Amino acid sequence: MTYGNLIAGQWVNSERFTINRNPSDISDVIGEYAQADLYQLESAIAAARSAFPAWSTGGVQARSDALDRIGNEILARKEELGELLAREEGKTLPEAIGEVTRAGYIFKFFAGECVRLSGELLPSVRPGVGIEITREPIGVVSLITPWNFPIAIPAWKIAPALAFGNCVVFKPADLVPGCAWALAEIIHRSGIPHGVFNLVMGRGSVIGDALVTHPDIAAVSFTGSVEIGRRIASQCAEHGKKVQLEMGGKNPQIVLDDADLQQAVELCAQSSFFSTGQRCTASSRLIVTQSIHDRFIEALKARMASLKVGNALATGTDIGPASSDAQLAQDLRYIDIAKSEGARLVAGGERVQCHTGSGKEGYFVAPTLFLDTSPAMQINREEVFGPVASVIRVRDYDEALAVANNTEFGLAAGIATTSLKYATHFKRHSQSGMVMVNLPTAGVDYHVPFGGRKASSYGPREQGRYAQEFFTTVKTAYSLA
Ligand code: NAP
């Protein structure tokens with residue numbers, strides 16, 4: 001079956017299509033999805049520009065009702081959409097249903113935010129003058145998303161963009177058009193006017209530059225790699241556009257001597273290996289103090305041995321496939337690099353053959369653990385984005401904190417400890433945007449800010465009420481009383 005782009009409220013086909021394959025079973029084709037060309041992109045931007053005056057000044061109740069309907073439909077169809085997500089991206093079915101549920105609640109949260117946008121009234125320093133500070137929509141926004149959260153990340157960009165009166169041109173990752181199309185179809189039927197929301201599936205290498213630099217685009221919200229993010233940031237600086245970037249991570253997870261051992265093992269297994277390690281908030285550096293080190297490693301290896309790698313849709317699977325052949329190759333390449341750097345492989349480290357039903361192979365890789373690694377090794381400095389963790393043994397909390405912060409990234413960081421003193425100190429001194437105490441680094445709420453520091457993020461935070469910072473612009477109005 002073929003699926004078109006949504007431009008000015010019409011489904012539009014294309015001459016080129018992406019064949020969307022299931023990474024658990026590459027013989028399973030999910031569908032053929034249109035690839036927009038520059039002409040279609042231009043039409044989508046023009047449609048959004050035409051729709052903007054009415055949408056941005058129309059009543060907030062209509063916006064709120066539409067977002068609520070979208071959220072309700074996503075929640076009502078969470079099993080079906082979760083199955084599509086697991087089939088397309090490779091998360092296990094429970095993880096995928098969880099992501100869809102999150103997307104539904106995000107739309108419902110921003111249905112409420114529509115009617116909560118507030119301003120300020122201040123006296124002027126000049127007698128007889130009043131001041132109003134208000135927030136207004138910014139215009140047409142480009143939303144560019146990665147493949148690893150194919151419905152939640154689109155949701156947390158599209159919902160606030162629409163809630164605050166902007167019009168949208170949405171480009172999902174080429175690898176995962178299925179969830180993007182399903183979400184667009186729900187948005188299309190929600191009652192929002194034609195042109196307010198447009199879907200342009202297609203290659204970033206073909207339409208990316210125009211999506212960012214087009215004169216009618218007011219702002220760009222991007223999630224993806226540091227390389228593409230930095231390119232977009234410099235284009236936005238050159239063209240004077242507002243920009244928001246969420247990028248990679250190399251998140252540390254500290255385990256102190258006083259940690260609850262089983263709790264520490266479980267949260268490390270969760271955030272290093274679940275979702276196949278393909279989460280920007282995954283913890284890939286396990287920083288372990290010396291007295292608990294050996295006990296922790298033995299318990300973690302036992303937990304890893306219990307993890308079942310397999311078809312994302314099969315009951316009982318803990319770890320699904322890498323999402324693509326390119327991601328599988330990257331995982332295996334970093335495993336080779338770690339070995340060549342002298343890291344000691346104690347679990348996994350290889351491609352796994354799984355029977356997926358049809359007999360065709362998927363992109364499976366065993367959860368992998370390296371010991372005896374040092375902070376300077378490439379495996380501890382660069383994002384692998386697979387189920388690969390490396391352990392750095394340290395003397396004490398002070399060294400653990402220094403190692404945790406010794407990275408160009410700063411997205412999420414975790415500590416496992418029963419010490420209030422160290423937990424409190426870490427919350428204050430971790431150089432990351434999100435800190436977890438006795439919780440996995442991956443796993444966050446939808447109603448609070450999300451984002452990092454250093455090379456992980458750039459610009460205002462996403463999600464929660466902080467999302468209005470990016471998706472609105474501030475006006476200060478003076479009037480003579
Ligand atoms: P990516 O290669 O940077 O792609 C991200 C998006 O940018 C895709 O839609 C891609 O389109 C598009 N793109 C490619 N070239 C472009 C260009 N020249 N101009 C404009 N857009 C362009 O990243 P990815 O491999 O999909 O995702 C993995 C990365 O995302 C990891 O580094 C991960 O850490 C990061 N991530 C960060 C967060 C966070 O919140 N911090 C969350 C999730 C993921 P195509 O698909 O067509 O190439």
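Position 1 is the first residue of the sequence; numbering continues from there. Indexing begins at 1, ligand by ligand and atom by atom, following the structure's order. Small disclaimer: the values here were computed from a predicted structure and weren't measured.
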Proximity of Trp156 and Phe109 rings by center, below 6.0 Å: no
Test applied, side chain to side chain donor-acceptor pair (under 3.5 Å); reference residue, Gln468; option that passes from Glu113, Arg135, Arg116: Arg135
One pair per line, please: each N/O atom of ligand 1 matched with every protein N/O atom under 3.5 Å away, atom names first, then the distance to 0.1 Å.
| from | atom 1 | to | atom 2 | distance (Å) |
| --- | --- | --- | --- | --- |
| ligand 1 | 3 (O) | Ser225 | N | 2.8 |
| ligand 1 | 3 (O) | Ser225 | OG | 2.6 |
| ligand 1 | 9 (O) | Thr145 | O | 2.8 |
| ligand 1 | 9 (O) | Lys171 | NZ | 3.3 |
| ligand 1 | 11 (O) | Lys171 | NZ | 3.0 |
| ligand 1 | 18 (N) | Arg231 | NE | 3.4 |
| ligand 1 | 23 (O) | Ser225 | N | 3.4 |
| ligand 1 | 25 (O) | Trp147 | NE1 | 3.0 |
| ligand 1 | 26 (O) | Trp147 | N | 3.4 |
| ligand 1 | 30 (O) | Gly224 | O | 3.3 |
| ligand 1 | 32 (O) | Glu383 | OE1 | 2.7 |
| ligand 1 | 34 (O) | Glu383 | OE1 | 3.3 |
| ligand 1 | 34 (O) | Glu383 | OE2 | 2.6 |
| ligand 1 | 41 (N) | Met247 | N | 3.3 |
| ligand 1 | 41 (N) | Met247 | O | 2.7 |
| ligand 1 | 46 (O) | Asp174 | N | 2.8 |
| ligand 1 | 47 (O) | Lys171 | NZ | 3.2 |
| ligand 1 | 47 (O) | Gly204 | N | 2.8 |

Ion pair check, Asp209 and Arg231, cut-off under 4.0 Å: yes
Lys/Arg-Asp/Glu bridge criterion (N-O < 4.0 Å) met for Glu99, Arg102: no
Glu73/Arg189 ion pair, N-O < 4.0 Å: yes
Ring-face cation of Lys157 near Phe471 (centre distance under 6.0 Å, axis angle within 45°): no
